[in-house]
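So that we are looking at the same thing, I have put the structure below in structure tokens.
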Amino acid sequence: MSADRLLDVADVSVYYGSSQALAEVSLDVSEGEIVSVIGPNGAGKTTLLEAISGFVPYEGTIRYGGEEVGDRPVRELVGDGLLHCTEDRDLFPFFTVHENLLMGGQRLDKDRLEERLEYVYDLFPRLAERRNQEAETMSGGEQQMLAIGRALMGDPALLMLDEPTQGLAPVIIEDISDAVDELRAEGLTLLLAEQNTTFAMNHADRLYLLETGTIELTGTAEEFKTNDYVRDAYIGVT
């Protein structure tokens with residue numbers, strides 16, 4: 001693994017009983033990169049991120065920071081900066097915005113916690129405006145901002161976002177897009193699982209097309225934008 005490679009996934013397969021969800025999937029993410037896994041619903045994108053996070057057993061090799069994921073507790077991976085914003089957000093519905101963010105930063109010391117709170121509120125001003133509002137009363141787009149913000153509270157080295165634009169209004173997608181641009185400018189490493197191909201291509205340095213559990217295509221964003229199959233099958237799919 002190269003010195004700057006933060007994540008290395010090699011020949012990973014995942015089974016749910018007798019059903020195979022992933023078949024020998026390989027990808028890598030280097031420090032400072034934005035990499036996106038695109039594909040239709042049910043292709044295995046969520047399963048891939050869950051395997052990387054240590055949530056599901058797998059065959060093959062996943063190394064984060066040079067160490068095998070399968071040998072490490074999830075809490076240890078989180079402590080080393082592997083943060084996963086899940087597709088269903090997993091917010092505490094009866095906690096306020098501020099309380100949810102505090103939960104995301106519970107590993108941090110007081111000074112760093114305050115720094116991260118200020119950072120997240122600057123990144124998502126709407127969260128600052130609603131800091132005392134319960135999560136369950138917020139719109140879907142606001143909840144997505146909160147889920148991303150809570151993950152960022154953990155001070156990630158690698159942030160994985162699972163379907164960050166799914167079901168969101170265009171104006172909210174613009175807000176998420178602006179946030180991703182800012183994270184890129186700061187050099188944060190991101191792995192996106194995204195059904196919105198246009199969003200993914202507009203932000204990712206490299207992409208992987210996952211279909212029925214296998215990687216069918218890899219390349220840069222520019223290569224994906226000019227690929228006939230991608231254009232015909234996926235451009236405009238949200």
Side-chain angles (χ1 to χ4, degrees), residues 6-30 33-64 69-70 74 82-90 140 144 147-148 151 158-168 172-173 176-177 180 189-238:
L6 192 56
L7 178 69
D8 193 33
V9 177
D11 299 323
V12 165
S13 298
V14 173
Y15 294 84
Y16 296 118
S18 61
S19 176
Q20 186 169 18
L22 295 177
E24 298 184 347
V25 168
S26 298
L27 61 80
D28 60 82
V29 183
S30 295
E33 266 196 314
I34 298 181
V35 172
S36 186
V37 181
I38 66 169
N41 188 34
K45 302 188 299 299
T46 292
T47 296
L48 175 60
L49 265 58
E50 289 179 342
I52 294 168
S53 292
F55 294 162
V56 298
Y58 59 87
E59 299 175 359
T61 303
I62 301 176
R63 290 190 176 93
Y64 168 69
V69 165
V74 172
L82 178 59
L83 276 296
H84 182 177
C85 182
T86 62
E87 182 179 8
D88 58 7
R89 300 169 186 154
D90 288 326
Q144 185 64 65
I148 296 172
L158 171 61
L159 176 60
M160 301 195 300
L161 302 179
D162 191 356
E163 302 287 5
T165 69
Q166 181 172 269
L168 302 185
I172 300 297
I173 292 178
I176 301 295
S177 179
V180 171
T189 308
L190 293 169
L191 177 60
L192 311 177
E194 182 57 78
Q195 195 172 345
N196 184 332
T197 304
T198 300
F199 179 90
M201 292 190 303
N202 286 341
H203 293 288
D205 300 299
R206 295 184 297 113
L207 298 98
Y208 294 81
L209 173 60
L210 184 65
E211 293 182 330
T212 60
T214 61
I215 298 293
E216 298 294 343
L217 183 69
T218 68
T220 66
E222 289 306 314
E223 288 170 338
F224 266 62
K225 288 176 182 178
T226 57
N227 183 278
D228 289 341
Y229 176 71
V230 173
R231 184 176 61 248
D232 293 343
Y234 291 101
I235 299 300
V237 176
T238 60

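We number each residue from 1, following the sequence as shown.
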Mind listing the side-chain donor-acceptor pairs of residues 49-61 below 3.5 Å, one per line with the distance, residues two or more places apart or on another chain?
unit_1 : atom_1 : unit_2 : atom_2 : d
Ser53  : OG     : Leu49  : O      : 3.2
Ser53  : OG     : His84  : ND1    : 2.8
Tyr58  : OH     : Glu68  : OE2    : 2.3
Tyr58  : OH     : Gly70  : N      : 2.9

Inset, instruction - Return the set of residues passing side chain to side chain contact (heavy atoms under 4.5 Å, CB included) with Ala204 (not counting sequence neighbours), or none when no residue passes. - result: Ile34, Ser36, Leu207
Legend entry - Ile172 and Gln144, any side-chain heavy atoms less than 4.5 Å apart: no
Inset, instruction - Indicate yes or no: at least one non-hydrogen side-chain atom of Leu210 is less than 4.5 angstrom from one of Leu22. - result: yes
Legend entry - salt bridge (Lys or Arg N to Asp or Glu O under 4.0 Å) partners for Asp88, two or more places apart: none
Legend entry - Heavy-atom check, side chain of Tyr234 versus side chain of Pro40, under 4.5 Å: yes
Legend entry - pair Phe224-Thr197: side-chain heavy atoms closer than 4.5 Å: no
Inset, instruction - Kindly write out the residues that satisfy side-chain hydrogen bond (donor to acceptor under 3.5 Å, both in side chains) with Ser13, not counting sequence neighbours, or none if the list is empty. - result: none
Inset, instruction - Kindly write out the residues that satisfy side chain to side chain contact (heavy atoms under 4.5 Å, CB included) with Thr212, not counting sequence neighbours, or none if the list is empty. - result: Thr214
Legend entry - Set of salt bridge (Lys or Arg N to Asp or Glu O under 4.0 Å) partners for Glu33, sequence neighbours left out: Arg206
Inset, instruction - State, yes or no, whether a side-chain contact exists between Tyr64 and Leu6 at a heavy-atom distance under 4.5 Å. - result: yes
Inset, instruction - Give, for atom CD of Glu222 and atom CE of Met201, the distance between the pair rounded to the nearest 0.5 Å. - result: 9.0 Å
Legend entry - side-chain hydrogen bond (donor to acceptor under 3.5 Å, both in side chains) against Glu24, all qualifying residues, sequence neighbours excluded: none
Legend entry - Any side-chain heavy-atom pair of Leu7 and Val35 under 4.5 Å: no
Legend entry - Partner residues of Asp90 under the salt bridge (Lys or Arg N to Asp or Glu O under 4.0 Å) criterion, sequence neighbours left out: none
Inset, instruction - For Asn202, enumerate each residue passing the side-chain hydrogen bond (donor to acceptor under 3.5 Å, both in side chains) test, keeping only those at least two apart in sequence or located in another chain. - result: none
Inset, instruction - Mind jotting down which residue pairs meet the salt bridge (Lys or Arg N to Asp or Glu O under 4.0 Å) criterion with at least one end in residues 34-48? Sequence neighbours excluded, please. - result: Lys45-Glu163
Legend entry - Qualifying residues under side-chain hydrogen bond (donor to acceptor under 3.5 Å, both in side chains), relative to Asp232, sequence neighbours excluded: none
Inset, instruction - Flag the pair Lys225 / Ile235 as yes when at least one side-chain heavy-atom distance between them is below 4.5 Å, and no otherwise. - result: no
Legend entry - Side chains of Asn196 and Ile173 in contact at under 4.5 Å (non-hydrogen atoms): yes
